[in-house]
*Asks:* 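Questions regarding the structure given below will be posed in turn.
Hydrogens, waters and symmetry mates play no part in the numbers below; they use all other heavy atoms, side chains included.
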Amino acid sequence: MAVGLLIASTGIWLSIRANLGVASWEVLHIALADRLGIGVGTASIGVGVLLVTIVALLGVRPGAGTLLNVLIIGVALNVLLDLPALASLPSDGLPVRLGALAAGIVVFAVGCAIYVGAHLGSGPRDGLMLAVHLRTGLAIGPARILSEGVGLATGWLLGGPAGIGTVLFVLTAGPCVAVAFKALGLRPLAPTSPHAAAC
């Protein structure tokens, strides 16, 4: 599971380096990091802890995977973004940056499939999705859109880097994760679980 989280972190890092827009919640993490003068990973940890607390109060209990998600992805992002590797990517041409973004989405999807396939609990952001689903009766799909929208809208209002990369993440990450599950022979659901533990 930890390997999956590290791989997913690498995918997020690639998308940040591409500087074309990032996944919904990363828009918020980067906005907070810029405003507070902290690392993106630190902002991710802070948001994750807040979400874990909120969803626990709403009746969705965190698992071991939830806590590992918060810590490993946050620490890994801080380490990766402190490295000089690909730091000059934002000044490269659009085709190169699009390639890095596409690679980031694929790498993220592989990491997500490995992490989810361990069946050790949903990530904190998907805990919010499940809490919305359980508390409002919304289907999982609309509940996910709502939870992702919260992160994206808040981050965008704070000046986060929403862009074409954000659109591509929204449209392609899910299908890429589904392909990764099949390619790796993993299952998104534990045999006795009524809900998927998404990234």
*Asks:* Honestly curious: do Met1 and Leu186 fall in one hydrophobic cluster under the side-chain, below-4.5 Å linking rule?
*Replies:* yes
*Asks:* How many angstroms lie between atom CG of Leu71 and atom OG of Ser44, to the nearest 0.5 angstrom?
*Replies:* 10.0 Å
*Asks:* Please determine, by modelled atom types, if Asn78 and Thr42 share a side-chain donor-acceptor pair under 3.5 angstrom.
*Replies:* yes
*Asks:* Is Thr10 close to Trp13 at the side-chain level, that is, under 4.5 Å between some pair of heavy atoms?
*Replies:* yes
*Asks:* Does some side-chain heavy atom of Phe108 sit less than 4.5 Å from a side-chain heavy atom of Ser15?
*Replies:* no
*Asks:* Any side-chain heavy atom of Arg187 sitting closer than 4.5 Å to one from Phe181?
*Replies:* no
*Asks:* Would you say that Met129 contacts Asp126 through its side chain, given a criterion of any heavy-atom pair below 4.5 Å between the two side chains?
*Replies:* yes
*Asks:* Rest of the hydrophobic cluster containing Ile54 (Ile/Leu/Val/Met/Phe/Trp/Tyr, side-chain heavy atoms under 4.5 Å)?
*Replies:* Leu50, Leu58
*Asks:* Of all heavy-atom pairs between Ile45 and Val75, which one has the smallest distance, and what is that distance?
*Replies:* CD1-N, 4.1 Å
*Asks:* Examine distances only and state if a side-chain atom of Arg17 and a backbone atom of Ala85 form a donor-acceptor pair shorter than 3.5 Å.
*Replies:* yes
*Asks:* Are any of the side-chain heavy atoms of Val150 and Trp25 separated by less than 4.5 Å?
*Replies:* yes
*Asks:* Where is the tightest heavy-atom contact between Ala31 and Leu158, given as atom of each residue plus distance?
*Replies:* CB-CB, 3.7 Å
*Asks:* Can you find a heavy atom in the side chain of Ser24 that is under 4.5 Å from one in the side chain of Val170?
*Replies:* yes
*Asks:* What's the spacing between Ile16 CD1 and Leu86 CG if we round to 0.5 Å?
*Replies:* 12.0 Å
*Asks:* Between Val3, Leu5, Leu67, which is the residue that forms a side chain to side chain contact (heavy atoms under 4.5 Å, CB included) with Ile72?
*Replies:* Leu5
*Asks:* Testing Val132, Leu128, Val52, Val55 one by one against Val60 for a side chain to side chain contact (heavy atoms under 4.5 Å, CB included), which residue passes?
*Replies:* Val55
*Asks:* Taking a hydrophobic cluster as the set of Ile, Leu, Val, Met, Phe, Trp and Tyr residues connected by side-chain heavy atoms closer than 4.5 Å, whether directly or through intermediates, do Val116 and Val70 fall within one such cluster?
*Replies:* no
*Asks:* Please examine the side chains of Val22 and Pro161, heavy atoms only from C-beta on, and report whether any two atoms are closer than 4.5 Å.
*Replies:* yes
*Asks:* Ignoring hydrogens, what is the shortest heavy-atom contact between Leu89 and Arg97? Give both atom names and the distance.
*Replies:* O-CG, 3.4 Å
*Asks:* Between Ile105 and Cys176, which heavy-atom pair has the shortest distance, and what is it?
*Replies:* CG2-SG, 4.2 Å
*Asks:* Considering all heavy atoms of both residues, which atom of Tyr115 and which atom of Thr66 are nearest to each other, and what is their separation?
*Replies:* OH-N, 4.4 Å
